[in-house]
Amino acid sequence: MSANVAVSVRFHPPPEDLRRYFTSFYHTEITAPPGELVRDALHPEWGGLRFFAGGNPQARIADGPLVAGARFIATGPTTRSTDFTLGTTRIWGVGLLPLGWARFVRQPAADHANTAVDGDRHPAFARFSPLADRLCAAPGDPLAELTQITAFFRGLPAVRDIDADRILAIHAAMIDPEVVSVTQLVARVGASQRTVERLTARHFGFSPKQLLRRQRFMRSLAQFMLDPSLKWIGAMDWAYHDQAQFVRDFHEFMGQTPREYAATPHPVLDVFTRERARLHGAAVQTLDKPEGAAPAPSADAA
């Protein structure tokens, strides 16, 4: 990437009445020299909606199908990296917490896990196309557009029987660094393991075991992204048994080794991580609490 490429991002916390549904709303501007493209990779995250005005991206999750030319890309929750390429563009991003997925997408998350699609063309996400009409037009006032985003979600019909209390209980237990096993998570939630497995598949996209592994990995990756001087051994979460286990997880979740990741430029994600940690409290959205605030660090964390 040329040194003349500029990346700026601003994170906006959702208003109080929407905090339980969203990680954040964020506005990004990427400016590149004519004909030049920016390449980077998103780490595993919750489901999200991204709206582009300018150069539309190419995106692919792991070895899945390529999404190209879409003004609105929707993704389900992921345990794989999302490679993307784009030029000069403006982006609005909407991060969906599991309760937000249940409230607004209303489809089994497991059916959309590790999937990126053209949101305008996919039946699970086409309801958000009117928002794309507003955000993918000529650039306007970001604060006015933020108001349009909140008004859009407030205006969607209410949904009953989404089991909000248990979704929030599972989410709160899952992001606690002290909870490292399915047995502990189930005990914290106070429901049967079968119930927890059913709810995580429907609203979180994965099994409890896979979600806990992803949390352990993302705590480690976030530490390294914020402070590469720690090296991987210093950033590795305390719940890992050894470095070999961490390397296996890294390859599974990111499709490369820690050494390969560290040697690859991350022009967009480096900016995102630092700004998110500074303004929003947590470096990555998978570490957000279900009510939107950043979790307190574990006293036992390495």
Side-chain angles (χ1 to χ4, degrees), residues 13-14 16 18-24 43-48 76-80 95-106 108-110 112-114 159 161-223 235-241 245-246 249 252-253 276-277 280-302:
E16 189 64 31
L18 294 176
R19 285 186 70 205
R20 55 200 258 139
Y21 303 118
F22 300 101
T23 62
S24 68
H43 39 62
E45 59 180 14
W46 296 123
T78 58
T79 57
R80 300 289 187 271
L96 291 162
L97 291 168
L99 187 62
W101 181 279
R103 166 71 174 81
F104 296 110
V105 181
R106 299 181 298 195
H112 303 280
N114 290 322
V159 178
D161 301 325
I162 59 174
D163 213 347
D165 288 344
R166 284 198 286 194
I167 293 173
L168 293 172
I170 292 169
H171 194 168
M174 184 193 66
I175 65 167
D176 185 344
E178 304 293 337
V179 176
V180 297
S181 72
V182 175
T183 299
Q184 289 174 306
L185 186 146
V186 168
R188 182 76 64 88
V189 173
S192 70
Q193 182 166 332
R194 182 175 180 180
T195 295
V196 171
E197 289 172 346
R198 174 178 58 81
L199 290 171
T200 58
R202 181 164 186 83
H203 304 300
F204 295 73
F206 304 100
S207 70
K209 181 178 180 180
Q210 186 75 343
L211 289 166
L212 290 173
R213 288 183 61 218
R214 189 185 72 169
Q215 290 303 113
R216 179 180 63 184
F217 172 74
M218 288 307 303
R219 289 195 297 267
S220 306
L221 182 59
Q223 284 273 57
M236 195 171 67
D237 191 77
W238 70 274
Y240 277 106
H241 298 304
Q245 186 185 30
F246 171 67
D249 270 5
E252 177 178 338
F253 290 126
R276 199 178 198 282
H280 192 65
V284 294
Q285 54 150 267
T286 49
L287 302 186
D288 282 349
K289 285 186 175 181
E291 294 293 339
S298 168
D300 294 333

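Note that the structure is predicted; figures quoted are calculated from it, not measured.
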Got a sec, which residues hit salt bridge (charged side-chain N to carboxylate O under 4.0 Å, His left out) with R216, two or more places apart in sequence or on another chain?
D249
Going from CG on L97 to CG on L168, what distance comes out if it is rounded to the nearest 0.5 angstrom?
9.0 Å
Ignoring hydrogens, what is the shortest heavy-atom contact between A191 and V186? Give both atom names and the distance.
O-CG1, 3.1 Å
Spatial distance of atom CD (Q215) from atom CZ (R219) [nearest 0.5 Å]
6.5 Å
Evaluate R214 against L211 for side chain to side chain contact (heavy atoms under 4.5 Å, CB included), listing each step before the verdict.
CA-CA 5 Å; R214 189 185 72 169; L211 289 166; 4.1 Å; yes
Derivation and outcome, side chain to side chain contact (heavy atoms under 4.5 Å, CB included), residues R188 and L185
CA-CA 5 Å; R188 182 76 64 88; L185 186 146; 5.7 Å; no
Output for pair (T200 OG1, Q210 CD), nearest 0.5 Å, gives 10.5 Å
Measure the spacing between CD of Q285 and NE2 of H43 and express it to the nearest 0.5 Å.
8.0 Å
Taking D288 first and then R276, would you say they form a salt bridge - that is, a charged N and a carboxylate O separated by under 4.0 Å?
yes
Which heavy atom of T286 sits nearest a heavy atom of P44, and at what distance?
CG2-O, 3.8 Å
Quick check on side chain to side chain contact (heavy atoms under 4.5 Å, CB included): which of Y21, W46, W101 does L96 satisfy it with?
W101
Hey, are the side chains of I175 and P290 touching, using non-hydrogen atoms and a 4.5 Å cut-off?
yes
Return the CG to CG distance between D237 and L221, rounded to the nearest 0.5 Å.
11.5 Å
Give, for atom OG of S220 and atom OH of Y240, the distance between the pair rounded to the nearest 0.5 Å.
5.0 Å
Do the side chains of E252 and R213 get nearer than 4.5 Å, heavy atoms only?
yes
Worked verdict on Q184 versus E178 for side chain to side chain contact (heavy atoms under 4.5 Å, CB included)
CA-CA 9 Å; Q184 289 174 306; E178 304 293 337; over 6 Å; no
Quick one: do F204 and I167 satisfy side chain to side chain contact (heavy atoms under 4.5 Å, CB included)? Show the steps, please.
CA-CA 9 Å; F204 295 73; I167 293 173; 4.0 Å; yes
How far apart are the closest heavy atoms of A113 and G205, and which atoms are they?
CB-O, 3.7 Å
Tightest non-hydrogen contact, residues R166 and L199, listed as CB-CD1, 3.8 Å
Exercise: identify the closest heavy-atom pair between V284 and A222
CG2-CB, 4.1 Å
Inspect the contact between R194 and E197 and indicate whether a charged nitrogen and a carboxylate oxygen are less than 4.0 angstrom apart.
no
Considering non-hydrogen atoms only, spot the tightest contact between N114 and T79 and give its length.
OD1-N, 2.7 Å
Using a 4.5 Å cut-off on heavy atoms from C-beta on, say whether the side chain of I170 contacts that of H203.
no
